[in-house]
Peer 1: 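Mind having a look at this structure? Questions to follow.
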Amino acid sequence: MSETKPTLIRGARLLGGTPTDVLVDGERIAEVGPGLTAAGATVVEADGRVLLPGLVDLHTHLREPGREDSETVLTGTRAAAAGGFTAVHAMANTFPVADTAGVVEQVWRLGLASGYCDVQPVGAVTVGLGGRQLAELGAMHESAAGVVVFSDDGKCVDDAVIMRRALEYVKAFDGVIAQHAQEPRLTEGAQMNEGVVSAELGLAGWPAVAEESIIARDVLLAAHVGSRVHICHLSTAGSVELVRWAKSKGWRVTAEVTPHHLLLTDELVRSYDPVYKVNPPLRTEQDVLALREALADGTIDCVATDHAPHPREDKDCEWGAAAMGMVGLETALSVVQHTMVDTGLLDWSQVADRMSARPAAIGRLAGHGRPVAPGEPANLTLVDPAHRAPVDPAGFVSRSRNTPYRGLELPGRVTDTWLRGRATLRNGALV
């Protein structure tokens, strides 16, 4: 239920521009402009903070059902609100796998009950993520959850025939297959990026071509079928070139990059700290710079967190036994400010495009990624870009603490988030 009192956000720099006021009444934005007043409104003094549309994450692991020891829909959506997100796409690698209408509806209803952000389930492409038989794609789409994005994320749909059939099937309702690009035969036992560091450390390498070969195949399949493919967590310079080529052909290809692949490199693995173990692995400095440039020029459509929470025992162990993944919802915007805004590669309006408008469009998420304008849904986030502080995972809202940024000073802090006009985060505290 939305608050009845209007909210007046005063002196906010809309998309980083000159300060203005935004009046929210009910679930929608009523007015935008300087000098607004509203009798009885809750006034939020923005003091020049940046106002953005609510962020949208195309790639979140909420772990429920089955791994509630690492995250739940409630704790994950609370973390999302703390990070400025008003919608997340929940990946299918749960226990049981979200490969039926029943499971995706369960996740969707848990999202409704949480109330901190909208939860859009992602359905599995294949039964049990096994890669051999298509899941109930049509039934999941027609369910109450209205699934349009399907992914076996965590595993690659490596069978070309299955991938083609999936692309053909979802074309009927303009769905999208989100591919985890990893040729399994080239990555058996792989522990980190294949290169100089892996050779020096003696760890089994994960070659860039394992990602790039699947992307090359799948953009060709998408073109052949005339369907939509989305590349999850793109991580190499070569992958960037393949996506750029596919887009130059006018093919229906989109791609995402994670915050950690915009900042961290495989040099960190020298510490043998499993917090840096992730899938796909951290790559080289050259890859990082190529990813930043591609996000800036629009070759990469959006930033997605790949928020992957794990309990302490799955990370506090030797490298080879550790789980892959990092939490990311609460630090994503800060990392993007650090790598893209403070370096001059993106301005705040482009951040809104890459972290709200484009992911909402790819996921066909109505009501999100909309302009901050009268009549639009009041999904908003307010960020203080001048704030600087070391990352302290003890203060995280997520149930897990496996962040690679512990102790690293990052800029920016989300202070307020509104979901359809209702505050979910107020002055840095969850409501």
Peer 1: Can you tell me how far the CZ atom of Arg78 sits from the OH atom of Tyr116, to the nearest 0.5 Å?
Peer 2: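 Reported value, rounded in 0.5 Å steps: 4.0 Å.
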Peer 1: Does the side chain of Arg228 come within less than 4.5 Å of Arg364's, by heavy atoms?
Peer 2: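 Sidechains of Arg228 and Arg364: in contact.
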Peer 1: Please determine whether side chain to side chain donor-acceptor pair (under 3.5 Å) holds for the pair Ser227 and Glu168, giving the CA-CA distance in whole Å, both sets of side-chain angles, and the decisive distance to 0.1 Å.
Peer 2: CA-CA 7 Å; Ser227 191; Glu168 288 171 337; over 6 Å; no
Peer 1: Is there a side-chain contact between Asp153 and Val122 in this structure, where contact means two heavy atoms from C-beta onward sitting under 4.5 Å apart?
Peer 2: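 The answer is no; the side chains never approach within 4.5 Å.
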Peer 1: Going through the checks in order, is the side chain to side chain donor-acceptor pair (under 3.5 Å) test met by Asp57 and His307?
Peer 2: CA-CA 9 Å; Asp57 190 13; His307 175 78; over 6 Å; no
Peer 1: Which is it for Asp21 and Arg10 under the salt bridge (Lys or Arg N to Asp or Glu O under 4.0 Å) test, yes or no, and what are the steps along the way?
Peer 2: CA-CA 4 Å; Asp21 302 340; Arg10 202 150 56 189; 5.7 Å; no
Peer 1: Please tell me whether His233 and His59 form a close aromatic pair, meaning their ring centres lie under 6.0 Å apart.
Peer 2: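 Under 6.0 Å, so yes.
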Peer 1: Among Glu212, His260, Arg283, find the residue that satisfies the side-chain hydrogen bond (donor to acceptor under 3.5 Å, both in side chains) test when tested with Ser235.
Peer 2: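 Only one option passes, and that is Arg283.
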Peer 1: When you compare the side chain of Ser400 with that of Arg312, does any pair of heavy atoms fall below 4.5 Å?
Peer 2: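 No. Closest side-chain heavy atoms not under 4.5 Å.
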Peer 1: Evaluate side chain to side chain donor-acceptor pair (under 3.5 Å) for Gln191 paired with Trp206, printing each intermediate quantity in order.
Peer 2: CA-CA 7 Å; Gln191 294 290 313; Trp206 189 307; over 6 Å; no
Peer 1: Checking side chain to side chain contact (heavy atoms under 4.5 Å, CB included) against Asp152, which of Val97, Ile162, Leu129, Asn93 comes through?
Peer 2: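 Of all the options given, the one that passes is Leu129.
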Peer 1: Any donor-acceptor pair under 3.5 Å linking the side-chain atoms of Asn279 with those of His180?
Peer 2: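 Distance-only check passes for His180 and Asn279.
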Peer 1: Show your reasoning for whether side-chain contact (heavy atoms from CB on, under 4.5 Å) applies to Glu183 and Glu211.
Peer 2: CA-CA 6 Å; Glu183 168 51 62; Glu211 175 173 306; over 6 Å; no
Peer 1: Below 4.5 Å, heavy atoms only, C-beta onward: do Met326 and Leu282 meet side chain to side chain?
Peer 2: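 In short, these two side chains touch, coming nearer than 4.5 Å.
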Peer 1: For Thr258 and Asp306, test the side chains for any donor-to-acceptor distance below 3.5 angstrom and give the result as yes or no.
Peer 2: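 Checked: Thr258/Asp306 side chains show no N/O donor-acceptor pair below 3.5 Å.
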Peer 1: How long is the span from the CZ atom in Arg67 to the OG1 atom in Thr94, to the nearest 0.5 Å?
Peer 2: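 Arg67 atom CZ to Thr94 atom OG1 measures 12.0 Å (nearest 0.5 Å).
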Peer 1: Is any side-chain heavy atom of Thr75 less than 4.5 Å from a side-chain heavy atom of Val397?
Peer 2: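 Of all side-chain heavy-atom pairs linking Val397 with Thr75, none is under 4.5 Å.
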Peer 1: Heavy-atom distance under 4.5 Å between the side chains of Leu51 and Leu15, does that happen here?
Peer 2: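 Of all side-chain heavy-atom pairs linking Leu15 with Leu51, none is under 4.5 Å.
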